[in-house]
Trainee: 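Quick one: the structure is below, and I'll ask about it shortly.
Note that the structure is predicted; figures quoted are calculated from it, not measured. So that the names make sense, note that chain A is the first sequence line, chain B the second, and so on, each numbered from 1.
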Amino acid sequence: MPELPEVETLCRQLQRVITDRMISDLVVHDLRLGRIESPTGKKILKVSRRGKGLEITLSGGQRLCLHLRMTGTLFLHRSDLPLLPHTRFTLSFGDEQISCIDPRRFATLTLRDAPGGDLPPLPDPLRGLSTDCLIELAGKRRLPVKAFLMDQKVIAGIGNIYACEILHRAAINPLREACSLSRDDWRDVTKAAEAVLTRAVECRGTSISDWRDLFGQPGLFQHELAAYGREGDPCPRCGKIIVRRRLSGRGTWFCPSCQR
DNA sequence: CGAACGACCTGTTCGC
DNA sequence: TGCGAACAGGTCGTTC
């Protein structure tokens, strides 16, 4: 569920809601997450996003690092609400608390000590994406361009939904080898990535089935999907039929007519 | 080294 | 209706 726009949405909402507040408790309900000592009494200094990951910096320098993987969500509610199904941990601020709900249990939470140093920054499409950089990274790589875009070392934050949407907008066939794209193709990909992701953030993400933001509201970008999940529908650009293929183990939707 | 694939989990949907 | 198979937003380790 959470790709860059969904995590960015949570990040902005958390900044508004928990910055400067004091943690009253952190309870881990799923032992799969490991044992984490509650940073009770620490204050939230900063909430930031690294790729699809969230980092919460605490007074004293520790950082809570959360990755929601496939099905993780965060939900803000009153602290007296009974535990919701699939709750993995709860972070409390007095009478309000945030639950992490994650049916598939892939999400990860770690508490890092300050001296570990800052992790290197990731290439991020919301902080400027360079066409030259993509060309350089693609080099002679022969994997499908869609798999290349989903490589988090290349561009952090793009997952299956947005890879399909970006390539549709750029009119590039997702099966093409990364090294086969021209400079103009890469410029189109760069522009499409910025446009699609910016718009998806404005929409607070894509609610295909169960994605909800911090306040339980669905996103709206599912109404603007051109390719993802639309097998059999007409392509919004050329009217031909969208097809679905399996590519590196993932469902991949595109228009074979106008994506070349 | 690059790329494909299975594993990690649970819930939902689809086909017979 | 019931049941098993296939599939689902991500990443990591292994294998070829």
Side-chain angles (χ1 to χ4, degrees), chain A residues 1-11 28-34 49-54 65-75 84-89 100-110 119 122-125 136-168 174-180 193 196-197 200-201 203-214 218-232 243-253:
Chain A
M1 192 186 303
E3 302 183 34
L4 183 148
E6 290 77 22
V7 179
E8 179 70 17
T9 297
L10 285 176
C11 182
V28 174
H29 301 280
D30 183 357
L31 294 181
R32 226 181 98 81
L33 291 172
R49 178 180 61 77
R50 243 182 76 80
K52 298 173 194 168
L54 282 170
C65 300
L66 172 63
H67 198 302
L68 296 165
R69 304 288 175 123
M70 295 278 262
T71 54
T73 52
L74 295 177
F75 178 51
L84 295 161
H86 312 301
T87 300
R88 302 307 166 196
F89 68 84
C100 176
I101 316 290
D102 180 27
R104 280 175 81 177
R105 304 172 72 199
F106 288 152
T108 55
L109 177 70
T110 52
L119 298 164
L122 292 171
D124 192 298
E136 165 120 13
L137 285 167
K140 298 201 162 69
R141 297 186 64 180
R142 306 191 62 176
L143 81 171
V145 61
K146 177 180 171 241
F148 175 75
L149 291 181
M150 290 173 67
D151 180 340
Q152 300 300 295
K153 292 187 286 297
V154 175
I155 308 177
I158 296 181
N160 205 27
I161 295 177
Y162 297 108
C164 291
E165 292 303 304
I166 288 164
L167 288 171
H168 180 271
L175 290 96
R176 280 179 61 185
E177 293 177 348
C179 60
S180 77
V196 166
L197 295 170
V201 170
C203 290
R204 300 185 335 281
T206 304
S207 293
I208 291 295
S209 59
D210 52 4
W211 155 254
R212 295 293 182 275
D213 70 14
L214 186 63
L220 298 170
F221 196 70
Q222 64 277 17
H223 304 303
E224 302 186 20
L225 294 175
Y228 182 88
R230 308 202 50 165
E231 182 179 21
V243 302
R244 175 181 190 272
R245 293 281 157 70
R246 210 159 179 83
L247 198 159
S248 336
R250 319 291 300 268
T252 301
W253 289 263

Trainee: Rounded to whole angstrom, note down the P distance from B:dG11 over to C:dT1.
Mentor: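 Comparing P positions in B:dG11 and C:dT1 gives a spacing of 23 Å.
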
Trainee: Any N or O donor-acceptor pair under 3.5 Å from the base of B:dC9 to the side chain of A:R105?
Mentor: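 No pair found.
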
Trainee: Provide, to the nearest angstrom, the distance between the CZ atom belonging to A:R250 and the P atom belonging to C:dA6.
Mentor: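 From A:R250 CZ to C:dA6 P: 18 Å.
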
Trainee: Base, sugar-phosphate alone, or nothing: which one does A:D210 contact when heavy atoms must sit under 4.0 Å apart?
Mentor: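 If one applies the 4.0 Å heavy-atom cut-off, A:D210 turns out to touch a base.
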
Trainee: Does C:dT11 have OP1 or OP2 sitting under 4.0 Å from an N or O in the side chain of A:K52?
Mentor: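 For C:dT11, OP1/OP2 do have a side-chain N/O of A:K52 under 4.0 Å.
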
Trainee: Ignoring hydrogens and angles, are the base of C:dA8 and the side chain of A:R104 linked by a donor-acceptor pair under 3.5 Å?
Mentor: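 It does, because a donor-acceptor pair links the side chain of A:R104 to the base of C:dA8 below 3.5 Å.
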
Trainee: Using a cut-off of 4.0 Å on non-hydrogen atoms, how would the nucleic acid contact of A:S209 be classed: base, sugar-phosphate, or nothing?
Mentor: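 A:S209: base contact, heavy atoms under 4.0 Å.
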
Trainee: At under 4.0 Å between heavy atoms, what does A:R246 touch on the DNA or RNA strands: base, sugar-phosphate, or nothing?
Mentor: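 Since only primed, P, OP1 and OP2 atoms lie under 4.0 Å of A:R246, the category is sugar-phosphate.
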
Trainee: Select base, sugar-phosphate, or nothing to describe what A:Q152 touches, counting heavy atoms under 4.0 Å on all strands.
Mentor: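 A:Q152: backbone/sugar contact only, no base atoms under 4.0 Å.
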
Trainee: For nucleotides B:dA3 and C:dG9, find the distance between their C1' atoms and express it as a whole number of Å.
Mentor: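 About 22 Å, rounded to a whole number of Å.
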
Trainee: Under 4.0 angstrom, heavy atoms only, what part of the nucleic acid is A:G159 near: base, sugar-phosphate, or nothing?
Mentor: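 Result for A:G159 = sugar-phosphate.
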
Trainee: Once you apply a heavy-atom cut-off of 4.0 Å, does A:L143 come out as touching a base, just sugar-phosphate, or nothing?
Mentor: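 Sugar-phosphate, no base atom in range.
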
Trainee: Which base sits across from B:dT10 as a Watson-Crick or G-U pair, both distances under 3.5 Å?
Mentor: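 Its partner is C:dA8 (Watson-Crick or G-U wobble, both distances under 3.5 Å).
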
Trainee: Classify A:F148 by what it touches in the nucleic acid, base, sugar-phosphate, or nothing, heavy-atom distance under 4.0 Å.
Mentor: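 Answer is nothing: A:F148 stays at 4.0 Å or more from every strand.
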
Trainee: Take the protein atom CG of A:L122 and the nucleotide atom C1' of C:dG10, then report the distance between them rounded to whole Å.
Mentor: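 About 14 Å, once rounded to whole Å.
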
Trainee: Does A:H86 make a side-chain N or O approach to OP1 or OP2 of B:dG11 shorter than 4.0 Å?
Mentor: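 It does, given that an N or O in the side chain of A:H86 lies less than 4.0 Å from OP1 or OP2 of B:dG11.
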
Trainee: Is A:F106 stacked on the base of C:dG10 when the test is centres under 5.5 angstrom and planes under 30 degrees?
Mentor: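 Aromatic stack with C:dG10 present for A:F106.
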
Trainee: Would you measure the distance from the P atom in C:dT11 across to the matching atom in B:dT12 and give it in whole Å?
Mentor: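 Their P atoms lie roughly 23 Å apart.
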
Trainee: Measure from the side chain of A:W253, starting at C-beta and using heavy atoms only, and say which of B:dG11, C:dG10, C:dA8 lies closest.
Mentor: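 Closest of the options to the side chain of A:W253: C:dA8.
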
Trainee: Using 4.0 Å as the upper bound for N to carboxylate O, is an ion pair formed by A:R141 and A:D151?
Mentor: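 A salt bridge is present here (some side-chain N lies under 4.0 Å from a carboxylate O).
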
Trainee: The side chain of A:R69 is closest to which nucleotide in this list: C:dA8, C:dT11, B:dA4?
Mentor: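 Nearest listed nucleotide: C:dT11.
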
Trainee: Which value, in whole Å, describes the distance between the P atoms of nucleotides C:dC7 and B:dG6?
Mentor: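 So the two P atoms sit 12 Å from each other.
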
Trainee: Of all the nucleotides listed (B:dG11, C:dT11, C:dG9), which has the minimum atom distance to the side chain of A:H67?
Mentor: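 Looking only at heavy atoms from C-beta outward on A:H67, the closest nucleotide is C:dT11.
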
Trainee: Quick one: A:L137 CG to B:dC1 C1', roughly how many Å, whole number?
Mentor: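 Atom-to-atom, A:L137 to B:dC1, this comes out as 15 Å.
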
